Structure formats: C-alpha cells, structure tokens
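Notes follow the structure.
These figures come from a predicted structure and were not determined experimentally. Chain letters run A, B, ... following the sequence lines, proteins first and then strands; every chain starts at 1. No hydrogens, no waters, no symmetry mates; every other heavy atom, side chains included, goes into these values.
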Number of protein chains: 2
Amino acid sequence: MENNELNAEEMRLWHMWKGSFQLIFGRVIKDMSEHTGLSEGDYGVLDRLDLHGGGQLRQQELADSMDWTKSRLSHHLTRMEQRGLVARKPLDADRGVQVLITPEGKSALDEARPVVAKAIRKHFLAYLTEQDVESITKLAGRTKAGSL
Amino acid sequence: MENNELNAEEMRLWHMWKGSFQLIFGRVIKDMSEHTGLSEGDYGVLDRLDLHGGGQLRQQELADSMDWTKSRLSHHLTRMEQRGLVARKPLDADRGVQVLITPEGKSALDEARPVVAKAIRKHFLAYLTEQDVESITKLAGRTKAGSL
DNA sequence: ATTCTATGGTTGATATGTCAACCATGCGCT
DNA sequence: AGCGCATGGTTGACATATCAACCATAGAAT
C-alpha cells in the first residue's frame, strides 16, 4: 500500500491537469460570454434544444442530456425564460413540461455558434497533438466505462 | 480558412475532454467534501497557507497563488473566518492583511489530506497511462507558455 | 379504498463566483 | 501643496450551484 499522501510527481500531475483545463475552459467561456452575452449554461441549453429536440425537449430529457439535476435546470430555465430565450409549456399528457427555444433564443444561438467554434479552435484544438487526441479519447472511454 | 462551425470530430473531442474532467473532478471533490466538510476552495486556501506560508500568508499573495481575484478571496475568507478555519490580522506595515490558519483549520486540513490523496489516486491517477502523463505534462507546458 | 413508491417538477436557503464601485494609503511628480 | 496613480482590500448586487423539502399525480401493492 502506498503512502497516504501524494508525492511531488502525483501532485504535479493533478495540478497541471486541473490547471490546464481551467485555463483553457475559462478562456473559451470568457470569449463566448463577452461576445454573445450567453453563459455556458445558456449555451448548453440552447444547443441541446436545437440539436436534439429540433427546438424543444421535455425538461427531464434536457436535464439528463446535460447531466444536470432537475433543480439546477429548473432554476436556470426560470432565468432564461425571464430573458426570453426559452419558453415552458405544460404537457397535460403526463404533467411534464416542454421547453421550447424562442426566436430570440434561436438567434442568440446562431450568433454564438461561430464564436464558440472559433474560441474552441483557438484555445483548445490548436494546442493538441495527435497524441493528445488519442489520449483524450481513450481516457474518456476508460472513465465513462468505470463510471457506474 | 476552415468552416466556422465545428465538425463532428472537433465537437466530440471538446465534449470528451470537458466531460472527463468534470466527471473525474466532480468525483474527487464529492469524496472530499462528504468526508471532510471542506469545499474545494476551503482546501485550496488551507493547503497554501500550510505549504507556502508555514501557516500564514498575506491576502494578496494567497490570491495570486490560487489564481483568484482579491474579491473572490475576500468573500471566501469571510466565510471561512466565520467557521473558525482561518483568522485575519491587519498588517500596519503597509495596510495589508495577514491570513492565519487556526488550529481548527490546521486539523481540518490534516484530516483532509489523506482523503484527498486517496480520492485523486482512485478517480484520477488510476486511470492514467504513461502516454496520458506525457500528454498532460506537455499540454500544460504549451498552454501556460502561450498564455500571456 | 388506502398506502407506497416512482416520476416530474418547484421552491427556499445557503454557498459560491463575478463584476463594478468604493475606500484608504503611499508614492512620485509637478 | 496638489495631483495622478498604483496597491491592498471590502462591499453589494447579482448570477450560478447545491441541497433538502415540498407538491402533485400515476401506478402498483395491500
């Protein structure tokens, strides 16, 4: 059994990994929010409504697809609704709620897409080597698999 | 010049990278906070006070070492002070503030260290191959360098 | 019929982050 | 003296996240 504290190398790895992510991710989000007024959450919601749902999705499906709790989504949608980005419509079929992207939401998304694409290319993809791509892909497979 | 939207492969990479990080990081933080009652921020503050400062550090140095704004740190310290984890002492030398780890803070940190070490080994280090280690190290170097 | 449980969602309290405005002091310059 | 400016920090407002409690209804199970 190893020591119950991390050695210098282990700690260094953890900090580098965490640091790189936060640095890159922060840059992407900053670019997006400055240029579009959308937060990461806003973009995620709009993106999924557009791609998966063709503009609409029931709340629970949306929450699942984003890996968010229903509470978190509920609060967030309330704020987005206030800003006119989405609308909620009760489904009497089974007391669910349908979330719809509004025209304003759709146009905000359309404006954001190229901004996000450019930011991801500039701050993330541009730094990757072939080896990194392989590493990222494999690691994702390993962690998801052993997930639940 | 490429298209101004991401292609499937680019998007997949971004999502995998982001997803792996959030999954792993979330697991580590969850383990820690459940077993110790400290948040990530709490741990970071205590850790730096202990390692860099031998128990104390001026507020601005602490903020720099954590990559936090002074505002963020000020708010966080107020909460930690309330809980008795740290104390603040004015430095009349140059109107700065010295942040001290309290005995309760120190013992909370000592309890947390092995928990954090175990969580990082279990959720992060255990998944890494030699290639990942190299990839993480190099990527960190590249992004920091091109940072400012 | 009654009670249990699962599903779908809301709500309020509290913790955490960000932003801009503010305050005080020291320091250099004119 | 008077000004501009940098440094070190606080504050309040607001956005975001988490947690637990709650509400309503549908479908079993008793």
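Scored by the ring pair (Phe, Tyr, Trp, His ring centres under 6.0 Å) test, His76(B) finds Trp68(B) as partners (sequence neighbours excluded). Taking Glu34(B) as the reference, Lys30(B) meet the salt bridge (Lys or Arg N to Asp or Glu O under 4.0 Å) condition, with sequence neighbours excluded. Under the side chain to side chain donor-acceptor pair (under 3.5 Å) criterion, Asp64(A) pairs with Gln60(A), not counting sequence neighbours. Not a single salt bridge (Lys or Arg N to Asp or Glu O under 4.0 Å) links Lys118(B) to another residue, sequence neighbours left out. The side-chain contact (heavy atoms from CB on, under 4.5 Å) test applied to Ser107(A) returns no partner, not counting sequence neighbours. Partners of Ser135(A) by side chain to side chain donor-acceptor pair (under 3.5 Å), not counting sequence neighbours, listed by chain and number: Asp132(B). A search for ring pair (Phe, Tyr, Trp, His ring centres under 6.0 Å) contacts involving Tyr43(A) returns nothing, not counting sequence neighbours.
Atom CD of Gln82(A) is separated from atom C1' of dT16(D) by 15 Å (rounded to the nearest Å). Between the P atom of dT10(D) and the CG atom of Leu73(B) lies a distance of 8 Å, rounded to the nearest Å. When rounded to the nearest whole Å, the span between NZ of Lys89(B) and P of dG8(D) equals 18 Å. Rounding to whole angstrom units, CD of residue Gln98(A) and P of dG8(C) are separated by 13 Å. dA15(C) atom C1' lies 15 Å from atom CD1 of Ile29(B), rounded to whole Å.
Against DNA chain D, the stretch residues 57-66 of chain B makes heavy-atom approaches under 4.0 Å through Arg58(B), Gln59(B), Gln60(B).
In this model, the phosphate group of dG9(D) is not approached by any side-chain N or O of Arg88(B) to a distance below 4.0 Å at OP1 or OP2. Put simply, Ser74(B) has no side-chain N or O that comes within less than 4.0 Å of OP1 or OP2 on dG9(D).
For the residue pair Arg142(A) / Ser20(B), no side-chain donor-acceptor distance below 3.5 Å is found, with atom types taken as modelled.
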How would you summarise protein contacts on nucleotides 16-25 of chain C per nucleotide, using B for base, S for sugar-phosphate only and - for none, with heavy-atom distances below 4.0 Å? BSBBB----B

